[in-house]
Each structure stands twice: as structure tokens, then as C-alpha cells.
*Asks:* 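The following block contains the structure, expressed as C-alpha cells.
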Amino acid sequence: MKNFNERKFILACADLFIVGFGTVMAGFILDVFEVKDFSDRRIALITLTNMVLCFLTLYFSGSYSKIWRYFKIKDYISAALGMASGLILSGLFLTLTTSAQIIEMQFFFLNLFLCTVGVLIFRLLFRKTFLVLTDEGVQSLRKRTMIIGAGEACMIILKEIGNAKHDPKNPSANFNPVCLVDDSAAKQRQIFNGVEVMGTTNDIKSLCVSENIEVIIFAIPSCSETDRKRILDICSETGCIIKVIPYLGDMLFDDNTKLLGQVKDIRVEDLLGRDPVSFDNKEVQDFIRGKVCMITGGGGSIGSELTRQIAKYDPKQIIIVDIYENNAYDIEQELLMDYRDKLNLVTLIASVRDYDKMNLIFEKYRPDIVFHAAAHKHVPLMESVPEEAVKNNVLGTFNVANLSQFYKVKKFIMISTDKAVNPTNVMGATKRCCEMIVQYMAQYDSETAFITTRFGNVLGSNGSVIPLFKRQIENGKPVTVTSPEIIRYFMTIPEAVSLVLQASAMAKGGEIFVLDMGAPVKILTLAENLIRMYGKVPYKDVPIVFTGLRPGEKMKEELLMDEEGLKTTSNKKIYIGHQIEI
């Protein structure tokens with residue numbers, strides 16, 4: 001506080017000098033150019049009056065209550081208005097209290113220009129000097145940071161930042177922690193490593209404003225998903241950059257690993273309010289190890305993640321089958337980079353529609369497990385070309401399933417969708433046909449176990465709403481939502497693939513595995529949260545336009561038909577739908 005008062009006194013003295021000098025110079029310039037001749041007594045009176053009234057107007061306009069390093073354009077405008085108000089009041093005062101003439105307009109505007117420019121230039125130069133030459137100024141260049149959670153992770157972060165003060169190359173040096181937030185009553189107003197706990201999570205928005213917060217670090221790695229969603233919903237409304245410390249199970253701790261190096265940007269899946277689904281990796285590993293695994297549609301969103309996860313479990317061989325060469329090439333190069341000389345990988349460009357080509361592939365590679373992820377999945381596009389959906393989805397599934405049975409594949413796993421339940425569109429109807437094909441083949445004795453996995457929308461997959469929303473926001477376009485009431489079940493791509501692998505490991509044949517995806521989420525809520533994550537205000541900075549339901553689109557998706565029912569499994573997050581006789 002002492003330093004702050006000293007700086008305020010310096011600024012006030014500088015303003016008085018600038019006003020006095022500017023007034024004298026205005027009189028001198030007019031005298032030199034013979035515009036107006038002012039007596040020394042008159043100039044002295046005007047100068048003194050200007051200094052007193054300008055100081056008062058600057059003071060009451062808040063020019064001395066601002067912390068200089070946080071001066072923004074509006075603060076410079078406020079100082080200019082304060083200066084103009086002071087000179088106007090000075091002119092009126094002199095006119096009303098003395099017998100002198102009214103202050104000439106030439107003198108007033110020249111005086112106003114010199115004084116205002118002088119005051120603003122001094123503030124700008126002082127701010128630059130302060131930022132460069134003082135320790136406090138250097139610190140102020142770092143992002144003002146709020147840390148949520150005054151626990152162990154917070155203490156590690158504060159220690160890292162403290163150690164990084166004199167190492168500009170350390171990423172931790174970019175943060176300047178100014179306040180902590182914790183819901184524990186016992187921690188309120190306590191100071192940890194020089195930073196005070198200023199409130200609870202309910203105070204986040206007000207503290208962000210009062211403390212000029214730029215970055216929020218969510219430092220509660222083991223927080224329940226319900227509380228995580230509630231807190232991140234509040235954070236997303238502040239317009240600050242949000243960083244999230246990962247789950248404890250995902251964090252690395254060794255002498256060379258820094259905690260802040262592991263922080264992540266907030267992800268939209270953090271706002272869904274559901275615990276991540278976990279699975280028994282050992283059971284999956286036993287299932288995959290030493291097997292030849294074929295993935296149709298292996299370059300797609302689900303197919304490529306399947307190959308990534310399968311590669312971890314020591315398969316004998318992975319066969320990627322995809323008709324789109326670019327995606328197939330990308331996942332092939334990614335896997336070769338991570339598993340070169342460790343993974344037997346084959347990438348084949350082929351269509352599941354082509355029975356003869358698929359027959360050659362099965363005959364040559366003799367897969368043990370087939371993951372059938374190849375499909376057309378875009379609902380509006382398939383409405384306009386239903387014959388393509390039938391050829392790729394229905395006939396493609398029929399081809400691959402028949403070949404799996406003929407070549408005695410141990411397990412055939414089909415990737416289905418909630419849109420296959422009581423379908424109202426072509427894509428959903430074809431996927432229901434695929435399910436029926438798989439269920440039909442599962443009814444007969446065979447060396448192949450036929451399994452179906454069914455789940456809802458996948459976050460971040462090709463064609464999903466999230467990438468679309470991101471492109472619209474980044475390009476300055478309105479975000480388009482079909483209806484304010486439309487809701488969907490969501491899961492992450494890794495969760496979807498983990499479901500497929502776990503289902504494959506536990507399946508006996510004929511099952512439809514359904515994931516407990518928690519409560520459905522409004523698409524509008526996702527759009528609003530995503531806009532806030534970009535630091536923008538929904539409806540103000542980014543318009544949201546409602547376009548109406550597309551052909552064949554439901555207001556709400558379902559995961560089960562009424563006659564299917566549900567049966568629990570060893571994993572509380574996975575259920576089995578009762579098989580309908582086909």
C-alpha cells in the first residue's frame with residue numbers, strides 16, 4: 001500500500017506540472033504568433049486555477065485509483081475526459097469570479113491539446129518504464145491466474161511457479177497466481193505460499209472481475225464429475241482461459257516432470273457431467289494378445305481409435321480395411337511412428353461392398369477377430385441417397401458377416417448406433433438392418449460369435465456437432481443448432497472404443513451391448529458452453545441460429561427398443577439388451 005500511495009503522489013505531481021507547463025506554453029505560443037497577448041498576472045491566475053480544478057476532476061474521474069500496469073484504453077479516455085472537464089470548469093470559474101474577459105477559444109483548445117497529450121504520454125511512458133525496470137512490473141506481464149482448489153495439487157503448482165520466476169524459458173513462469181478458491185470454510189482467508197484463498201467456487205465470477213483474472217487453473221484432479229461440471233460451467237462464463245489438471249491416474253510424477261506441463265485446455269467432454277467409463281484392461285489384453293484383428297472402416301473416427309487401442313495389447317497382426325485412402329494412410333503412419341518394428345500392420349484399400357475383394361482379404365489374412373466399423377453415418381446425406389446407405393451399410397455388413405462365418409472368425413463385432421432404435425431416418429433404418437443381420441446369424445450354431453455394440457453420439461468424431469461448432473466460432477460465423485430442445489446422449493471416442501473392446505472380451509455371442517451414458521445433454525447447452533470456452537458471450541459475441549430439425553432427425557434419441565429390456569453385466573456401466581428373435 002505504501003508503494004501504491006507513493007506512485008499515486010508521483011502521478012499527481014506530474015499532472016500538476018504538465019497542466020501548469022501546458023497552460024504557460026499555450027499563452028506563450030499565442031503571444032509569439034501575435035494571436036493574443038496575455039499579461040503575466042493573467043497567465044499565473046489561469047495556470048493556478050487549471051492546476052487545482054484539473055487535479056480535482058482527474059481525482060474524481062478515477063485516474064488515481066487505477067493500478068497503472070492495468071491501464072486500458074478506457075482508462076486513458078477517462079483521463080482525457082477528466083482533463084477536459086477540469087479546463088472547462090476552470091474557464092467558467094474565471095469568467096464568473098473575475099472581471100476578466102471570457103477565455104478565448106484559441107487559447108482553450110490549444111491548452112486542452114497540450115495538457116491532455118502531456119498527461120496521456122506521461123502515463124504511457126511511465127507504464128512502459130514500470131513494466132520493464134521493476135520486479136513488480138515484470139511479474140505483471142505474466143498472466144494473472146486463479147487456482148481452484150487449495151489442495152496438494154495447488155501447492156505443487158505454487159511451488160513450481162515460485163521456482164520459475166527467474167527462468168523465463170520455464171512454462172510455469174507465464175503464470176502469476178493472485179488468488180485461490182476453495183469451498184472449504186477452514187481455508188478461507190488463509191495464505192498459501194503468499195497467495196490468499198479469497199472465496200469459494202460461488203465467488204469465481206466476481207473474483208475474476210475484481211482481480212483482473214486472465215487464466216483459471218482447475219487444480220482438483222480427483223474432483224467428482226458432478227462438482228467438476230458445476231465448477232467448469234461457472235468458469236466457462238468468465239471469458240478466461242481455462243486449464244485443467246488431469247485426473248490423478250493420468251498424471252506423471254518424477255523428478256523431471258512438472259505438474260503445469262501436464263495441464264490441459266478445457267475439453268467440451270469435461271462439461272458433460274459424467275464420470276469417465278473405465279474398463280478391465282487385463283480382460284481386453286487377454287482377448288487381443290496374439291490375435292489377427294481386422295478393422296473395417298479402420299481410418300474413421302471409431303476405427304482409427306480401435307486400431308490405436310488394439311495396438312497396445314500385443315496383437316499378432318492388425319489389418320486396416322478402408323475405402324478412403326487418406327484416413328487409412330494417416331492412421332497407418334501414426335501407428336508406424338509409435339510401434340515401428342513392434343507391430344505387424346497391414347493397410348488395405350478396399351470396400352466392404354466388394355464381396356470378391358473382401359473374400360480375397362479374408363482368405364489371405366484369416367482374421368481371428370473382425371471389428372466392423374465401416375458405414376455411412378451422416379443422417380441428412382443418407383436421406384438424399386438412400387440406395388448408397390443400403391449398399392454400404394446393409395450389403396457391406398452382410399458381406400463381412402458372411403465371410404466371417406465362412407472363414408471361422410472367432411468373434412465378429414459390429415459397431416451400431418442409437419439411431420437404429422425405432423429409426424426415423426434412412427441411416428438409422430439401415431443400421432437396424434445391420435443389427436438384424438448380426439442377430440440372425442447369431443441364432444445359429446457357428447464357430448463365430450456375433451456381437452453388436454450400440455452407443456450414442458461420439459464427441460469429436462467426423463461429422464459430429466462439436467467440430468462443426470468449432471469451425472463456425474473460429475470463422476466468426478453464427479453457430480447453427482437445429483432446435484433449442486433437441487437432446488442427445490454423448491460419449492468420448494476412447495470410451496466408445498473401450499466399450500467395443502470390453503464387449504468383445506466378455507461376449508458369448510448374440511448380445512447387444514449398451515453403455516450407460518448418463519443423462520442426455522441439450523445440444524444448445526453444448527453450443528453455449530463451447531462459445532464461452534472461446535472467451536466469448538453466447539448470443540452477443542456469437543449468434544446462435546436455430547435451423548429446424550433436418551429430414552429424418554429425432555428430437556430425442558433412444559438406446560433401447562421397448563421389447564429389448566436390459567440385463568446387467570459384470571461392468572456396472574455396460575448392459576445387454578435382450579435379443580429379439582429374427
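Note that the numbering runs from 1 along the sequence shown for the chain.
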*Asks:* I want to check something: taking the side chain as every heavy atom from C-beta on, are T452 and E511 in contact at a cut-off of under 4.5 Å?
*Replies:*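 Answer no - side chains too far apart.
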*Asks:* Where is the tightest heavy-atom contact between A389 and V426, given as atom of each residue plus distance?
*Replies:* CB-CG1, 3.8 Å
*Asks:* With no hydrogens and no angle check, is any side-chain donor or acceptor of T448 less than 3.5 Å from a backbone partner on S404?
*Replies:*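 Yes, the answer is positive, given that a donor and an acceptor are paired below the 3.5 Å cut-off.
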*Asks:* Going through the checks in order, is the side-chain contact (heavy atoms from CB on, under 4.5 Å) test met by I213 and T145?
*Replies:* CA-CA 6 Å; I213 299 299; T145 303; over 6 Å; no
*Asks:* Quick one, I319 and V321 - any side-chain contact, counting heavy atoms below 4.5 Å?
*Replies:* yes
*Asks:* Answer yes when E435 and R432 have at least one side-chain N-carboxylate O distance shorter than 4.0 Å, and no when they do not.
*Replies:*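 Answer for the salt bridge query: yes.
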*Asks:* How long is the gap from CD1 on I216 to CZ on F218, to the nearest 0.5 Å?
*Replies:* 11.0 Å
*Asks:* Drop me the distance from K312's NZ to L343's CG, to the nearest 0.5 angstrom.
*Replies:* 13.0 Å
*Asks:* Could you grab the distance from atom CG of L348 to atom CD of E332, nearest 0.5 Å is fine?
*Replies:*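 Reported to 0.5 Å precision, the distance equals 9.5 Å.
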*Asks:* Taking side chain to side chain contact (heavy atoms under 4.5 Å, CB included) as the criterion, tell me which of T307, T347, I310 meets it with L335.
*Replies:*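 Output: one option passes, namely T307.
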*Asks:* Should I217 and M146 count as side-chain neighbours, where that means a heavy-atom distance under 4.5 Å?
*Replies:* no
*Asks:* Would you mind listing every salt bridge (charged side-chain N to carboxylate O under 4.0 Å, His left out) that reaches into residues 348-362, with sequence neighbours excluded?
*Replies:*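 For residues 348-362, and leaving out neighbouring residues, the salt bridge (charged side-chain N to carboxylate O under 4.0 Å, His left out) pairs sorted by first residue read R353-E388.
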*Asks:* So, Q472 side chain and K477 main chain: donor-acceptor pair closer than 3.5 Å or not?
*Replies:*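 Checked: no pair found.
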*Asks:* Could you give the distance from OG (S301) to CD1 (I493), rounded to the nearest 0.5 Å?
*Replies:* 5.0 Å
*Asks:* For V394, does its backbone N or O pair with a side-chain atom of K431 as donor and acceptor, under 3.5 Å?
*Replies:* no
*Asks:* Has D418 got a side-chain atom pairing as donor or acceptor with R454's backbone, closer than 3.5 angstrom?
*Replies:* no
*Asks:* I'd like to check T547 versus V481 (side-chain heavy atoms, cut-off strictly below 4.5 Å). Are they in contact?
*Replies:* no
*Asks:* Report the C-alpha distance between L180 and M198 in whole Å, list the side-chain angles of each, state the deciding distance to 0.1 Å, and finish with yes or no for side-chain contact (heavy atoms from CB on, under 4.5 Å).
*Replies:* CA-CA 6 Å; L180 308 179; M198 293 188 177; over 6 Å; no
*Asks:* Is Y329 atom OH crowded by more than 12 heavy atoms from other residues, nucleotides or ligands, each under 6.0 Å away?
*Replies:*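 Not buried by this count: 12 neighbours or fewer within 6.0 Å.
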*Asks:* Would the distance check show the side chain of T480 and the main-chain N or O of V545 forming a donor-acceptor pair, the cut-off being under 3.5 Å?
*Replies:* no
*Asks:* If we only count heavy atoms from C-beta on, is the I531 to Y539 side-chain gap below 4.5 Å?
*Replies:* no
*Asks:* Locate the shortest heavy-atom distance separating P367 from V370; write the atom from each residue and the value.
*Replies:* CG-CG2, 4.0 Å
*Asks:* What is the distance from atom NE2 of H376 to atom NZ of K391, rounded to the nearest 0.5 Å?
*Replies:* 8.5 Å
*Asks:* Is there a salt bridge (Lys or Arg N to Asp or Glu O under 4.0 Å) between K522 and E528 once you walk through the steps?
*Replies:* CA-CA 10 Å; K522 276 191 174 185; E528 292 171 341; over 6 Å; no
*Asks:* With heavy-atom distances below 4.5 Å as the criterion, would you say the side chains of L530 and K470 are in contact?
*Replies:* yes
*Asks:* Do side-chain atoms of T417 reach the backbone of G428 as a donor and acceptor pair under 3.5 angstrom?
*Replies:* no
*Asks:* Would you say the side chain of M441 lies within less than 4.5 Å of the side chain of I437, judging by non-hydrogen atoms?
*Replies:* yes
*Asks:* Counting distance only, does the side-chain N/O of N393 pair as donor-acceptor with the main-chain N or O of T430 below 3.5 Å?
*Replies:* no
*Asks:* Mind checking whether F371 and F287 have parallel, tilted or perpendicular rings, split at 30° and 60°?
*Replies:*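 F371 and F287: perpendicular rings.
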*Asks:* Taking all non-hydrogen atoms of both residues into account, name the closest pair between S504 and I413 and its distance.
*Replies:*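 Nearest pair, atom of S504 first, then I413: OG-CG1, 3.1 Å.
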*Asks:* Is it the case that over 12 heavy atoms from other parts of the model lie below 6.0 angstrom from the OH atom of Y313?
*Replies:* yes
*Asks:* List the steps and the verdict of side-chain contact (heavy atoms from CB on, under 4.5 Å) for L381 and V379.
*Replies:* CA-CA 6 Å; L381 291 180; V379 171; over 6 Å; no
*Asks:* Please lay out, stage by stage, how D183 and T201 fare under the test side chain to side chain donor-acceptor pair (under 3.5 Å).
*Replies:* CA-CA 6 Å; D183 284 334; T201 53; 2.9 Å; yes
*Asks:* Is any side-chain heavy atom of H372 closer than 4.5 Å to a side-chain heavy atom of C434?
*Replies:* no
*Asks:* With sequence neighbours left out, what residues match D322 under salt bridge (charged side-chain N to carboxylate O under 4.0 Å, His left out)?
*Replies:*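 Here no residue qualifies.
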*Asks:* Are the side chain of N402 and the backbone of F398 linked by a donor-acceptor contact shorter than 3.5 Å?
*Replies:*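 Yes: the side chain of N402 pairs with the backbone of F398.
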*Asks:* Where do I361 and A350 come nearest, in terms of heavy atoms and distance?
*Replies:*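 Closest approach of I361 to A350: CD1-CB, 3.8 Å.
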*Asks:* Tell me, yes or no, whether the heavy-atom count around E325 atom CD, taken from other residues, nucleotides or ligands under 6.0 Å, exceeds 12.
*Replies:* no
*Asks:* Would you say D182's side chain and A150's backbone share a donor-acceptor pair under 3.5 angstrom?
*Replies:* yes
*Asks:* How far apart are the closest heavy atoms of A429 and P423, and which atoms are they?
*Replies:* N-CB, 3.4 Å
*Asks:* Can you measure from OH (Y339) to CZ (R308) and round to the nearest 0.5 angstrom?
*Replies:*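 The CZ atom of R308 is 10.0 Å from OH of Y339, to the nearest 0.5 Å.
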*Asks:* Do E305 and Q309 have a side chain donor and acceptor closer than 3.5 Å?
*Replies:*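 Indeed, the side chains of E305 and Q309 share at least one donor-acceptor pair under 3.5 Å.
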*Asks:* Please report the closest heavy-atom contact between I147 and C154, naming both atoms and the distance.
*Replies:*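 Result for this residue pair: CG2-SG, 3.8 Å.
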*Asks:* Does any N or O in the side chain of Q317 come within less than 3.5 Å of the main-chain N or O of K291, such that one atom is a donor and the other an acceptor?
*Replies:* no
*Asks:* Stepwise, does the side-chain contact (heavy atoms from CB on, under 4.5 Å) test hold for C240 with E214?
*Replies:* CA-CA 5 Å; C240 298; E214 299 170 274; over 6 Å; no
